[in-house]
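Structure first, commentary second.
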Amino acid sequence: MRRSRKLRRHAEPTRKALNTSQRDILAFFDHPGTSNGPSEAINGRLEHLRGTALGFRNLMHYIARSLLETGDFRPLLHPRTR
């Protein structure tokens, strides 16, 4: 009896998480071959930048550095690098 209460208590957060992300989980099966790899790669770069850029005092410098890190700023710097 006691074990089942403990199991239910630990299973409840998992049940809530699955119910919350049910649409996302089912969308995975509707669109085979899709991946969130590119967005995770950009997110990883930005997380690394955030960790190394704690000394930025100017928000515009941080935004410019973020764009530079993710590769969206390079054509503006050097038009021949396309």
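The structure displayed is predicted, hence computed values, not measured ones. Both backbone and side-chain heavy atoms feed into the values below; hydrogens, waters and symmetry mates do not. Quick note: residue numbers are just sequence positions, from 1.
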dist Ile42:CD1 -> Asn36:CG (nearest 0.5 Å) comes out at 11.5 Å

Once rounded to the nearest 0.5 Å, what's the spacing between atom NE2 of His48 and atom CG of Asn43? 13.5 Å

Return each pair, listed once, that meets salt bridge (charged side-chain N to carboxylate O under 4.0 Å, His left out) where at least one residue sits in residues 10-21; pairs must be two or more places apart or across chains.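 Salt bridge (charged side-chain N to carboxylate O under 4.0 Å, His left out) check on residues 10-21 returns Glu12-Arg15.
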
With sequence neighbours excluded, give me every salt bridge (charged side-chain N to carboxylate O under 4.0 Å, His left out) pair touching residues 19-43.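 Non-adjacent pairs meeting salt bridge (charged side-chain N to carboxylate O under 4.0 Å, His left out): zero.
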
